[in-house]
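First listed ligand is number 1; within each ligand, the first listed atom is number 1.
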Amino acid sequence: MAKERAQWTGRLGFVLAAAGSAIGLGNLWKFPYITYENNGGAFVLVYLGAIALVGVPIMVAEIVLGRRSQKNAVGAFRVLAQGKAGGQLWRGVGFLGVMTGFVILSYYSVIAGWTIRYILMAVSGELGGLAHHPADLQAFFGEFLSNPYQQILFHSLFMGATIGIVYFGVGRGIERAAKLLMPVLLTILAMLVIYSFWTPGFGEAMRFLFRPNFSELSASGVLEALGHSFFTLSLGMGAMLTYGSYMRKRDSIPRAALTICALDTIIAISACIIMFSIIFSFDFEVTKSSTILFTTLPVVFFQLPGGAFVSALFYVLVAFAALTSTISLLEVVSSYAIDELGWPRRRATLTMGAAILAFGTLSAVSMGGNAALSNINFIGRPSTAGVFGTLDYLASNWFLPVGGLLIALFTGWILSRDETREELEEGNGPLGWKFSLWRFLIRVAAPAAVGAIIVSVILGAEYQ
Ligand code: PHE
């Protein structure tokens with residue numbers, strides 16, 4: 001007899017693990033800098049709209065696919081598409097997801113590794129020394145990125161931690177880690193938000209974020225907001241599907257999805273409040289917004305009382321957030337090997353983890369460490385330079401939106417109304433008009449919006 005599928009121990013276990021997946025570098029690193037580049041206000045409003053109209057319905061859809069099938073990303077389509085239009089072709093959506101998980105994890109872990117270095121430096125006092133001379137910090141960061149040994153070392157450490165947790169499985173590994181790390185993360189973040197209330201830049205930060213000025217928003221900014229909503233919610237590649245397959249039937253999918261999306265959004269906005277309050281407190285010029293997290297923040301942290309403590313706390317927060325995301329990426333790939341290839345969990349996590357670690361070294365040395373790999377550029381745009389730039393471009397601009405579109409179409413048009421309704425009301429009770437609203441969003445609104453992203457990418461826009 002087949003072994004019974006592992007389950008989260010309860011509602012909280014699922015919500016914390018899934019929120020852990022969603023909350024990560026996307027919230028703490030990417031969102032603040034793209035918000036900064038897109039001049040705040042109006043961009044934030046569009047982002048919130050994208051989360052509500054596209055993110056939430058697709059999050060619900062992914063969890064429905066996982067819980068209904070009790071399978072990994074590929075298996076879910078194999079089971080649910082049986083006898084339906086398109087048949088086993090739909091498994092391709094699952095394969096795309098597993099491949100995307102593999103690719104994203106390989107480079108995400110490189111950036112996540114930087115946080116380990118920063119925690120060590122904050123604790124040892126080295127960061128304080130550098131942060132008093134912004135040019136030194138900039139120079140240090142450049143050297144750090146182009147040092148292949150260090151990049152591979154910290155990437156490997158982060159992958160090691162990820163593999164170590166996923167190895168122990170859903171309950172003893174993933175859920176336990178989420179229950180330990182998420183409360184710490186939320187506490188540190190709340191402390192930093194409260195801290196930012198007292199910085200002189202707080203008012204300006206709030207105006208920047210919440211006073212929309214639509215003349216400052218470009219068309220590509222609108223689409224960037226939409227694309228980012230996939231990345232930040234871990235949608236479009238089966239992460240939420242896989243976690244949903246471990247969800248108990250007696251828990252409510254809509255309620256869980258709303259909680260996860262709300263938490264993710266609150267954290268992204270909080271990260272902006274913290275960073276912009278601190279940055280606006282000083283006459284500080286942000287030269288390169290994509291490295292705010294590593295070259296600007298330490299400088300400003302150390303101009304404030306308790307800088308060493310605040311910065312150590314901050315990088316621990318970023319590391320924990322990234323770890324609960326890398327866990328979910330590895331679980332997508334591992335659960336595929338476990339269900340579809342019949343591997344035992346330990347073999348699946350070790351083998352797949354090792355393969356991803358090895359593949360990730362290409363990204364690790366493409367930050368300047370190896371000239372050829374750093375300069376390679378298939379797409380030919382500045383932001384797509386190097387293996388890292390290329391992979392991030394492909395994953396965020398193509399794989400996630402295409403995966404998300406296909407997931408929406410499958411759930412909205414291939415699964416029957418009754419099937420989805422039954423799964424959604426299970427553990428929740430009758431949904432009434434809310435079900436009709438979701439069904440409209442998943443069949444029409446979400447595919448139209450995502451279709452617009454994809455068309456515009458084809459026409460040459462870029463979302464980074
Ligand atoms: N959502 C994560 C973040 O914001 C990244 C991620 C994407 C994780 C896709 C899993 C799947 O950092």
Side-chain angles (χ1 to χ4, degrees), residues 16-35 47 50-51 54-56 58-59 62-63 66 72-73 94 96-115 158-159 162 165-166 174 177-178 181-182 185 189 224-225 227-244 257 260-272 290 293 317-336 356 391-404 407 463-464:
L16 287 182
S21 168
I23 299 163
L25 296 173
N27 306 60
L28 303 175
W29 168 63
K30 214 166 177 181
F31 184 63
Y33 95 70
I34 61 178
T35 298
Y47 167 79
I51 295 285
V54 179
V56 174
I58 295 187
M59 169 85 65
E62 277 206 28
I63 303 174
N72 66 95
L96 175 69
V98 172
M99 202 183 78
T100 307
F102 190 102
V103 168
I104 293 182
L105 180 52
S106 75
Y107 68 79
Y108 194 97
S109 152
V110 174
I111 314 247
W114 299 349
T115 62
F158 213 90
M159 277 308 299
T162 307
I165 292 169
V166 176
I174 303 173
L181 299 182
M182 292 306 286
L185 184 152
L189 199 82
E224 190 168 4
H228 183 67
S229 67
F230 275 98
F231 187 84
T232 190
L233 292 174
S234 307
L235 296 177
M237 49 147 292
M240 290 299 161
L241 183 157
T242 305
Y243 274 15
I260 298 159
C261 293
L263 276 174
D264 186 78
T265 308
I266 292 169
I267 304 287
I269 299 284
S270 301
C272 287
S290 66
L293 198 63
L317 162 83
V318 182
F320 281 5
L323 185 59
T324 47
S325 299
T326 53
I327 290 171
S328 72
L329 287 159
L330 183 56
E331 181 61 16
V332 170
V333 182
S334 303
S335 70
Y336 159 73
I356 294 168
L391 294 179
D392 186 35
Y393 168 82
L394 288 175
S396 325
N397 293 15
W398 288 100
F399 302 164
L400 293 183
V402 169
I407 286 169
Y463 313 102
Q464 298 275 343

Q: Taking Tyr243 for its side chain and Glu331 for its backbone only, find out whether a donor-acceptor pair lies under 3.5 Å.
A: no
Q | Separation of Thr265 OG1 from Ile260 CD1 (nearest 0.5 Å) | A | 11.5 Å
Q | Glu62: partners by salt bridge (charged side-chain N to carboxylate O under 4.0 Å, His left out), with sequence neighbours left out | A | none
Q: Give a yes or no on whether the backbone of Gly24 and the side-chain of Asn27 come within a donor-acceptor separation of less than 3.5 Å.
A: yes
Q. Would you find a donor on one side and an acceptor on the other, under 3.5 Å apart, between the side chain of Ser21 and the backbone of Ser325?
A. no
**Q.** Side-chain (Thr232) to main-chain (His228) donor-acceptor, under 3.5 angstrom
**A.** no
Kindly print each ligand 1 N/O atom paired with any protein N/O atom under 3.5 angstrom away, one pair per line, or none if nothing qualifies.
from, atom 1, to, atom 2, distance (Å)
ligand 1, 1 (N), Ser21, O, 3.3
ligand 1, 1 (N), Ala22, O, 3.0
ligand 1, 1 (N), Phe231, O, 2.8
ligand 1, 1 (N), Thr232, O, 3.1
ligand 1, 1 (N), Ser234, OG, 3.0
ligand 1, 4 (O), Ala22, O, 3.0
ligand 1, 4 (O), Gly26, N, 3.3
ligand 1, 4 (O), Asn27, OD1, 3.4
ligand 1, 12 (O), Leu25, N, 3.0
ligand 1, 12 (O), Gly26, N, 2.8
ligand 1, 12 (O), Tyr108, OH, 2.4

